[in-house]
Amino acid sequence: MAKARNSSVGRSLLSQVPKRGQEAIARIMAERDGKLSLEQFLARRWHFEDYLRSQGMSEQNVAQEAAESFAVVAEEHPDWSKDRVRTALALSYLTMDLKEVAIARRFTLADPTELGRGLSVLSRLRWLENLIGGHTHVDFQVLVDAFAVRDLAVAQYLTQGEPAISQGPPEFLDLCTVAVAAVYRKDFAEVQSVLRKMAKQKLRPWQQGIQQYLTGVADHQPKQVADGLALLLDGMRKMRQKDEFEEAINLPAQGLYRLAEWIGPDLVAEFDVNQPFPWDAEFHAWCQSHPEPLAGVDLTGIELALHQAVVHLQPPAEWVLTASR
(Lines give C-alpha, C1' and ligand atoms only; values in the text may rest on other atoms or scores of the structure.)
Protein backbone atom coordinates (compact mmCIF):
# COMPACT_ATOMS: atom_id res chain seq x y z
CA MET A 1 0.00 0.00 0.00
CA ALA A 2 1.11 3.55 -0.61
CA LYS A 3 2.52 5.35 2.41
CA ALA A 4 0.33 7.82 4.24
CA ARG A 5 1.11 11.49 3.97
CA ASN A 6 2.09 13.58 6.98
CA SER A 7 -0.46 13.95 9.75
CA SER A 8 -1.08 17.66 9.18
CA VAL A 9 -2.22 16.96 5.63
CA GLY A 10 -4.45 14.14 6.92
CA ARG A 11 -6.06 16.40 9.51
CA SER A 12 -6.62 19.06 6.87
CA LEU A 13 -8.37 16.62 4.56
CA LEU A 14 -10.50 15.09 7.29
CA SER A 15 -11.55 18.56 8.43
CA GLN A 16 -13.27 19.03 5.05
CA VAL A 17 -15.72 16.27 5.94
CA PRO A 18 -18.87 17.33 7.85
CA LYS A 19 -18.87 16.45 11.56
CA ARG A 20 -21.20 13.45 11.21
CA GLY A 21 -18.92 11.99 8.56
CA GLN A 22 -15.84 12.61 10.70
CA GLU A 23 -17.48 10.76 13.59
CA ALA A 24 -18.36 7.81 11.37
CA ILE A 25 -14.81 7.66 10.03
CA ALA A 26 -13.39 7.71 13.58
CA ARG A 27 -15.65 4.78 14.56
CA ILE A 28 -14.58 2.76 11.53
CA MET A 29 -10.91 3.33 12.25
CA ALA A 30 -11.34 2.35 15.90
CA GLU A 31 -13.87 -0.48 15.75
CA ARG A 32 -13.87 -2.14 12.31
CA ASP A 33 -10.20 -2.78 11.55
CA GLY A 34 -9.70 0.59 9.90
CA LYS A 35 -6.13 0.68 11.23
CA LEU A 36 -5.18 -2.39 9.18
CA SER A 37 -3.68 -2.11 5.71
CA LEU A 38 -5.69 -3.62 2.85
CA GLU A 39 -3.61 -6.80 2.88
CA GLN A 40 -3.88 -7.12 6.67
CA PHE A 41 -7.62 -6.50 6.57
CA LEU A 42 -8.14 -9.20 3.93
CA ALA A 43 -5.84 -11.69 5.68
CA ARG A 44 -7.76 -11.39 8.96
CA ARG A 45 -11.11 -12.00 7.29
CA TRP A 46 -9.98 -14.70 4.85
CA HIS A 47 -9.14 -16.77 7.92
CA PHE A 48 -12.45 -15.77 9.42
CA GLU A 49 -11.93 -17.64 12.67
CA ASP A 50 -9.08 -15.19 13.32
CA TYR A 51 -11.46 -12.32 12.63
CA LEU A 52 -13.99 -13.72 15.11
CA ARG A 53 -11.24 -14.04 17.72
CA SER A 54 -10.25 -10.44 17.10
CA GLN A 55 -13.81 -9.48 18.06
CA GLY A 56 -13.23 -10.91 21.54
CA MET A 57 -15.00 -14.23 21.03
CA SER A 58 -13.87 -17.26 23.03
CA GLU A 59 -12.52 -20.33 21.24
CA GLN A 60 -15.75 -22.15 22.01
CA ASN A 61 -17.88 -19.35 20.55
CA VAL A 62 -15.60 -19.05 17.51
CA ALA A 63 -15.99 -22.76 16.80
CA GLN A 64 -19.76 -22.56 17.30
CA GLU A 65 -20.17 -19.49 15.09
CA ALA A 66 -18.04 -20.99 12.30
CA ALA A 67 -19.88 -24.32 12.47
CA GLU A 68 -23.31 -22.69 12.41
CA SER A 69 -22.40 -20.44 9.47
CA PHE A 70 -20.96 -23.39 7.60
CA ALA A 71 -24.10 -25.42 8.23
CA VAL A 72 -26.38 -22.66 6.96
CA VAL A 73 -24.51 -22.31 3.67
CA ALA A 74 -24.19 -26.08 3.26
CA GLU A 75 -27.94 -26.52 3.78
CA GLU A 76 -28.71 -23.83 1.20
CA HIS A 77 -26.32 -25.46 -1.29
CA PRO A 78 -26.27 -29.23 -0.61
CA ASP A 79 -24.36 -29.90 -3.84
CA TRP A 80 -21.41 -27.73 -2.82
CA SER A 81 -18.13 -29.22 -1.62
CA LYS A 82 -16.80 -28.31 1.81
CA ASP A 83 -14.05 -26.23 0.20
CA ARG A 84 -16.58 -24.28 -1.83
CA VAL A 85 -18.72 -23.61 1.23
CA ARG A 86 -15.69 -22.37 3.14
CA THR A 87 -14.61 -20.15 0.24
CA ALA A 88 -18.08 -18.60 0.01
CA LEU A 89 -18.02 -17.91 3.76
CA ALA A 90 -14.53 -16.39 3.59
CA LEU A 91 -15.56 -14.10 0.72
CA SER A 92 -18.56 -12.88 2.70
CA TYR A 93 -16.22 -11.85 5.52
CA LEU A 94 -13.85 -10.15 3.05
CA THR A 95 -16.57 -7.83 1.76
CA MET A 96 -17.84 -7.01 5.27
CA ASP A 97 -16.91 -3.38 6.10
CA LEU A 98 -14.43 -3.19 3.21
CA LYS A 99 -16.04 -0.21 1.49
CA GLU A 100 -16.45 1.71 4.72
CA VAL A 101 -12.87 1.01 5.76
CA ALA A 102 -11.53 2.08 2.35
CA ILE A 103 -13.36 5.39 2.63
CA ALA A 104 -12.27 5.92 6.24
CA ARG A 105 -8.61 5.23 5.41
CA ARG A 106 -8.76 7.49 2.37
CA PHE A 107 -9.63 10.46 4.59
CA THR A 108 -7.70 9.51 7.72
CA LEU A 109 -4.46 8.86 5.81
CA ALA A 110 -5.14 11.50 3.13
CA ASP A 111 -4.36 8.93 0.44
CA PRO A 112 -6.68 8.18 -2.51
CA THR A 113 -4.82 4.90 -3.05
CA GLU A 114 -6.58 3.52 0.01
CA LEU A 115 -9.99 4.10 -1.54
CA GLY A 116 -8.94 3.12 -5.05
CA ARG A 117 -7.51 -0.25 -4.16
CA GLY A 118 -10.15 -1.02 -1.55
CA LEU A 119 -12.99 -0.24 -3.92
CA SER A 120 -11.43 -2.26 -6.72
CA VAL A 121 -10.95 -5.29 -4.47
CA LEU A 122 -14.56 -4.96 -3.26
CA SER A 123 -15.88 -4.87 -6.84
CA ARG A 124 -13.92 -7.99 -7.74
CA LEU A 125 -15.02 -9.82 -4.60
CA ARG A 126 -18.64 -9.04 -5.45
CA TRP A 127 -18.10 -10.58 -8.88
CA LEU A 128 -16.52 -13.65 -7.29
CA GLU A 129 -19.45 -14.04 -4.91
CA ASN A 130 -21.77 -14.08 -7.92
CA LEU A 131 -19.65 -16.72 -9.64
CA ILE A 132 -19.50 -18.97 -6.61
CA GLY A 133 -23.22 -18.52 -6.04
CA GLY A 134 -23.86 -19.54 -9.66
CA HIS A 135 -25.78 -16.40 -10.59
CA THR A 136 -25.25 -13.12 -12.39
CA HIS A 137 -27.21 -9.93 -12.04
CA VAL A 138 -26.78 -6.21 -12.50
CA ASP A 139 -27.06 -3.88 -9.50
CA PHE A 140 -26.84 -0.08 -9.72
CA GLN A 141 -24.68 0.48 -6.65
CA VAL A 142 -22.35 -2.42 -7.40
CA LEU A 143 -21.81 -1.25 -10.97
CA VAL A 144 -21.24 2.42 -10.14
CA ASP A 145 -18.73 1.44 -7.44
CA ALA A 146 -16.71 -0.47 -10.06
CA PHE A 147 -16.91 2.42 -12.51
CA ALA A 148 -16.06 4.93 -9.75
CA VAL A 149 -12.62 3.39 -9.44
CA ARG A 150 -12.46 2.98 -13.24
CA ASP A 151 -12.02 -0.78 -12.88
CA LEU A 152 -13.23 -1.53 -16.38
CA ALA A 153 -11.85 -5.07 -16.26
CA VAL A 154 -14.40 -6.19 -13.67
CA ALA A 155 -17.14 -3.74 -14.69
CA GLN A 156 -17.69 -5.72 -17.88
CA TYR A 157 -18.54 -8.79 -15.79
CA LEU A 158 -20.77 -6.86 -13.41
CA THR A 159 -22.94 -5.69 -16.33
CA GLN A 160 -23.88 -9.27 -17.22
CA GLY A 161 -27.17 -10.82 -16.19
CA GLU A 162 -30.64 -9.53 -15.49
CA PRO A 163 -31.18 -6.35 -13.48
CA ALA A 164 -31.58 -6.99 -9.75
CA ILE A 165 -34.87 -5.23 -9.04
CA SER A 166 -37.48 -5.54 -6.31
CA GLN A 167 -40.90 -7.08 -6.74
CA GLY A 168 -43.87 -4.84 -7.44
CA PRO A 169 -43.83 -1.32 -8.85
CA PRO A 170 -40.25 -0.30 -9.68
CA GLU A 171 -38.54 1.94 -7.16
CA PHE A 172 -36.19 4.68 -8.29
CA LEU A 173 -33.01 2.67 -7.76
CA ASP A 174 -34.58 -0.25 -9.65
CA LEU A 175 -35.00 2.08 -12.61
CA CYS A 176 -31.40 3.24 -12.17
CA THR A 177 -30.24 -0.37 -12.33
CA VAL A 178 -32.10 -0.97 -15.58
CA ALA A 179 -30.84 2.33 -16.97
CA VAL A 180 -27.13 1.87 -16.26
CA ALA A 181 -27.22 -1.65 -17.69
CA ALA A 182 -28.81 -0.21 -20.83
CA VAL A 183 -26.23 2.60 -20.98
CA TYR A 184 -23.43 0.03 -20.85
CA ARG A 185 -25.06 -1.87 -23.73
CA LYS A 186 -25.53 1.47 -25.53
CA ASP A 187 -29.23 0.69 -25.73
CA PHE A 188 -30.40 4.28 -25.57
CA ALA A 189 -33.96 3.37 -26.56
CA GLU A 190 -34.17 1.39 -23.29
CA VAL A 191 -32.72 4.36 -21.42
CA GLN A 192 -35.45 6.57 -22.87
CA SER A 193 -38.04 4.03 -21.75
CA VAL A 194 -36.66 4.21 -18.21
CA LEU A 195 -36.69 8.00 -18.31
CA ARG A 196 -40.40 7.98 -19.18
CA LYS A 197 -41.04 5.87 -16.09
CA MET A 198 -38.91 8.19 -13.95
CA ALA A 199 -40.95 11.15 -15.21
CA LYS A 200 -44.03 9.63 -13.56
CA GLN A 201 -42.40 9.58 -10.12
CA LYS A 202 -41.97 12.42 -7.65
CA LEU A 203 -38.20 12.77 -7.52
CA ARG A 204 -35.93 14.35 -4.97
CA PRO A 205 -33.24 16.74 -6.23
CA TRP A 206 -30.47 14.09 -6.25
CA GLN A 207 -32.78 11.76 -8.16
CA GLN A 208 -33.55 14.55 -10.61
CA GLY A 209 -29.80 14.84 -11.08
CA ILE A 210 -29.54 11.18 -12.13
CA GLN A 211 -32.57 11.62 -14.40
CA GLN A 212 -30.95 14.64 -16.06
CA TYR A 213 -27.64 12.79 -16.37
CA LEU A 214 -29.34 9.85 -18.08
CA THR A 215 -31.16 12.23 -20.42
CA GLY A 216 -27.84 13.81 -21.34
CA VAL A 217 -26.24 10.42 -22.00
CA ALA A 218 -29.19 9.19 -24.08
CA ASP A 219 -29.32 12.42 -26.13
CA HIS A 220 -25.52 12.80 -26.17
CA GLN A 221 -25.66 16.23 -24.55
CA PRO A 222 -22.52 16.94 -22.45
CA LYS A 223 -24.11 20.00 -20.81
CA GLN A 224 -27.00 17.91 -19.48
CA VAL A 225 -24.59 15.26 -18.25
CA ALA A 226 -22.59 17.90 -16.36
CA ASP A 227 -25.70 19.60 -14.97
CA GLY A 228 -27.12 16.25 -13.88
CA LEU A 229 -23.96 15.26 -12.02
CA ALA A 230 -23.84 18.70 -10.38
CA LEU A 231 -27.46 18.36 -9.25
CA LEU A 232 -26.77 14.84 -7.92
CA LEU A 233 -23.87 16.17 -5.85
CA ASP A 234 -25.76 19.20 -4.61
CA GLY A 235 -28.91 17.21 -3.87
CA MET A 236 -27.05 14.63 -1.80
CA ARG A 237 -25.09 17.35 -0.02
CA LYS A 238 -28.31 19.02 1.14
CA MET A 239 -30.11 15.84 2.19
CA ARG A 240 -30.58 15.61 5.94
CA GLN A 241 -30.95 11.83 6.07
CA LYS A 242 -28.21 10.01 4.21
CA ASP A 243 -25.41 7.53 4.73
CA GLU A 244 -22.65 8.97 6.89
CA PHE A 245 -20.07 8.31 4.20
CA GLU A 246 -21.98 10.36 1.68
CA GLU A 247 -20.97 13.24 3.96
CA ALA A 248 -17.42 12.53 2.76
CA ILE A 249 -17.60 11.39 -0.87
CA ASN A 250 -20.30 10.81 -3.46
CA LEU A 251 -19.25 7.60 -5.19
CA PRO A 252 -22.35 7.36 -7.44
CA ALA A 253 -21.35 10.67 -9.04
CA GLN A 254 -17.83 9.34 -9.60
CA GLY A 255 -19.19 6.11 -11.09
CA LEU A 256 -21.73 7.78 -13.36
CA TYR A 257 -19.03 10.16 -14.61
CA ARG A 258 -16.80 7.21 -15.56
CA LEU A 259 -19.69 5.37 -17.21
CA ALA A 260 -20.42 8.38 -19.41
CA GLU A 261 -16.70 8.78 -20.10
CA TRP A 262 -16.57 5.14 -21.20
CA ILE A 263 -19.41 5.80 -23.67
CA GLY A 264 -17.57 8.86 -25.02
CA PRO A 265 -15.04 11.21 -23.39
CA ASP A 266 -16.79 14.22 -24.90
CA LEU A 267 -19.86 13.44 -22.78
CA VAL A 268 -18.04 14.57 -19.61
CA ALA A 269 -16.09 17.43 -21.17
CA GLU A 270 -18.21 20.10 -19.48
CA PHE A 271 -18.07 18.70 -15.96
CA ASP A 272 -15.62 20.33 -13.51
CA VAL A 273 -13.49 17.52 -12.04
CA ASN A 274 -11.62 19.90 -9.73
CA GLN A 275 -14.51 20.84 -7.48
CA PRO A 276 -14.60 20.29 -3.68
CA PHE A 277 -16.07 17.44 -1.67
CA PRO A 278 -18.26 15.44 -1.78
CA TRP A 279 -16.69 15.19 -5.21
CA ASP A 280 -13.15 13.93 -4.60
CA ALA A 281 -10.87 15.55 -7.18
CA GLU A 282 -7.75 13.78 -5.90
CA PHE A 283 -9.42 10.37 -6.03
CA HIS A 284 -10.65 11.14 -9.55
CA ALA A 285 -7.09 12.02 -10.60
CA TRP A 286 -5.72 8.85 -8.99
CA CYS A 287 -8.16 6.70 -10.96
CA GLN A 288 -7.24 8.54 -14.15
CA SER A 289 -3.56 7.73 -13.64
CA HIS A 290 -4.10 4.14 -12.46
CA PRO A 291 -5.90 2.20 -15.23
CA GLU A 292 -4.95 -0.99 -13.35
CA PRO A 293 -5.99 -0.09 -9.78
CA LEU A 294 -4.54 -3.25 -8.24
CA ALA A 295 -1.12 -3.01 -9.86
CA GLY A 296 1.41 -3.88 -7.17
CA VAL A 297 -1.13 -5.48 -4.82
CA ASP A 298 0.13 -8.87 -3.64
CA LEU A 299 -2.27 -11.25 -1.90
CA THR A 300 -0.16 -14.39 -2.35
CA GLY A 301 0.78 -14.26 1.32
CA ILE A 302 -2.90 -14.79 2.15
CA GLU A 303 -3.77 -17.39 -0.48
CA LEU A 304 -2.44 -17.87 -4.02
CA ALA A 305 -5.91 -18.72 -5.33
CA LEU A 306 -7.30 -15.52 -3.81
CA HIS A 307 -4.53 -13.47 -5.43
CA GLN A 308 -5.20 -15.02 -8.83
CA ALA A 309 -8.93 -14.51 -8.50
CA VAL A 310 -8.87 -10.92 -7.23
CA VAL A 311 -5.81 -9.40 -8.88
CA HIS A 312 -5.86 -11.33 -12.16
CA LEU A 313 -9.59 -12.18 -12.35
CA GLN A 314 -8.70 -15.86 -12.73
CA PRO A 315 -10.57 -17.86 -10.07
CA PRO A 316 -9.84 -21.60 -9.86
CA ALA A 317 -12.34 -23.84 -11.62
CA GLU A 318 -13.52 -25.39 -8.35
CA TRP A 319 -14.78 -22.00 -7.22
CA VAL A 320 -17.05 -21.69 -10.23
CA LEU A 321 -18.92 -24.94 -10.61
CA THR A 322 -22.25 -23.64 -11.88
CA ALA A 323 -21.47 -20.35 -13.65
CA SER A 324 -19.38 -19.52 -16.68
CA ARG A 325 -16.84 -16.71 -16.65
Side-chain angles (χ1 to χ4, degrees), residues 1 23-105 108 114 117-137 139 141-142 145 158 164 243-245 297-311 315-323:
M1 296 293 290
E23 292 172 348
I25 287 171
R27 287 195 302 272
I28 292 296
M29 295 299 293
E31 301 171 4
R32 290 153 80 177
D33 286 339
K35 295 181 180 179
L36 300 181
S37 70
L38 176 63
E39 291 85 353
Q40 291 169 337
F41 179 94
L42 296 174
R44 175 170 285 182
R45 281 164 169 72
W46 180 252
H47 305 288
F48 53 85
E49 291 91 347
D50 290 342
Y51 169 70
L52 295 175
R53 293 185 187 98
S54 76
Q55 300 304 298
M57 295 179 64
S58 68
E59 286 297 327
Q60 180 179 353
N61 288 340
V62 166
Q64 181 178 349
E65 176 74 17
E68 289 177 354
S69 298
F70 193 98
V72 169
V73 177
E75 184 177 359
E76 291 177 352
H77 305 279
D79 57 325
W80 284 13
S81 68
K82 291 183 179 180
D83 286 344
R84 194 179 188 200
V85 170
R86 182 172 180 83
T87 297
L89 275 175
L91 288 177
S92 71
Y93 279 97
L94 291 183
T95 56
M96 186 190 306
D97 299 327
L98 179 53
K99 182 176 179 177
E100 292 81 2
V101 166
I103 294 173
R105 287 178 63 84
T108 302
E114 297 288 342
R117 290 182 171 177
L119 202 58
S120 179
V121 167
L122 175 63
S123 297
R124 294 171 182 227
L125 290 172
R126 286 167 164 170
W127 167 66
L128 288 169
E129 284 183 323
N130 287 345
L131 286 185
I132 289 179
H135 54 78
T136 57
H137 60 261
D139 179 87
Q141 188 62 66
V142 169
D145 280 349
L158 293 172
D243 187 282
E244 297 98 331
F245 291 100
V297 172
D298 187 354
L299 305 181
T300 57
I302 304 173
E303 177 74 39
L304 178 58
L306 181 67
H307 178 85
Q308 290 296 110
V310 172
V311 177
E318 60 268 23
W319 286 17
V320 194
L321 300 181
T322 61

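T300 and D298 share a side-chain donor-acceptor pair at under 3.5 Å.
Nearest heavy-atom pair, R84 versus I132, reported as atom, atom and distance to 0.1 Å: NH2-O, 2.6 Å. Smallest separation of non-hydrogen atoms from W80 and G133: CZ2-CA, 4.0 Å. A pairwise comparison of heavy atoms in V320 and P315 identifies CG2-CG, 4.0 Å as the closest pair. The two residues S37 and R105 have their closest heavy-atom pair at CA-NH2, 3.6 Å. Across all non-hydrogen atoms, the minimal contact from G118 to A102 is CA-CB, 4.0 Å. When all heavy atoms of I302 and A43 are compared, the closest pair comes out as CD1-N, 3.6 Å.
With a 4.5 Å cut-off on side-chain heavy atoms, L94 and L306 count as touching. The closest side-chain heavy-atom distance from L125 to E129 is not below 4.5 Å. Side-chain contact check for V101 versus E114: every heavy-atom pair is 4.5 Å or farther apart. Side-chain atoms of V142 and S123, non-hydrogen and from C-beta on, never get closer than 4.5 Å to each other.
Residues satisfying the ring-ring contact (aromatic ring centres under 6.0 Å, His included) test with F245, not counting sequence neighbours, are none. With sequence neighbours left out, the ring-ring contact (aromatic ring centres under 6.0 Å, His included) criterion links H137 to H135. Every side-chain hydrogen bond (donor to acceptor under 3.5 Å, both in side chains) that R32 has, sequence neighbours left out, goes to D97.
Remark: D139 CG to L158 CG distance equals 9.5 Å, nearest 0.5 Å. Annotation: the span from W319 atom CH2 to L91 atom CG amounts to 5.5 Å, rounded to 0.5 Å. From E303, atom CD reaches atom CG of L42 across 13.0 Å, with rounding to the nearest 0.5 Å. Atom CD of Q308 sits about 10.5 Å away from atom CG of L299, to the nearest 0.5 Å. Distance check, rounded to the nearest 0.5 Å: OH of Y51 to CZ of R44 gives 9.0 Å. L122 CG to R126 CZ: the interatomic distance, rounded to the nearest 0.5 Å, is 4.0 Å.
Cation-pi contact between R124 and W127: absent, since separation from the ring centre below 6.0 Å together with deviation from the ring axis within 45° is not met.
Annotation: ring-ring contact (aromatic ring centres under 6.0 Å, His included) contacts involving residues 29-49, sequence neighbours excluded, comprise F48-Y93. The side-chain hydrogen bond (donor to acceptor under 3.5 Å, both in side chains) contacts involving residues 65-74 comprise Q64-E68, where partners must be two or more places apart or lie in separate chains. Residue pairs meeting the salt bridge (Lys or Arg N to Asp or Glu O under 4.0 Å) criterion with at least one partner in residues 46-60, sequence neighbours excluded, are E49-R86, D50-R53, R53-E59.
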Begin from the C-alpha positions of E318 and D83 and carry the test side chain to side chain contact (heavy atoms under 4.5 Å, CB included) through to its verdict.
CA-CA 9 Å; E318 60 268 23; D83 286 344; over 6 Å; no
Assess whether side chain to side chain contact (heavy atoms under 4.5 Å, CB included) is satisfied between I28 and T108, documenting all intermediate values.
CA-CA 10 Å; I28 292 296; T108 302; over 6 Å; no
Set out, in order, the CA-CA distance, both residues' side-chain angles and the distance that settles side chain to side chain contact (heavy atoms under 4.5 Å, CB included) for H77 and D79, then state yes or no.
CA-CA 5 Å; H77 305 279; D79 57 325; 4.1 Å; yes
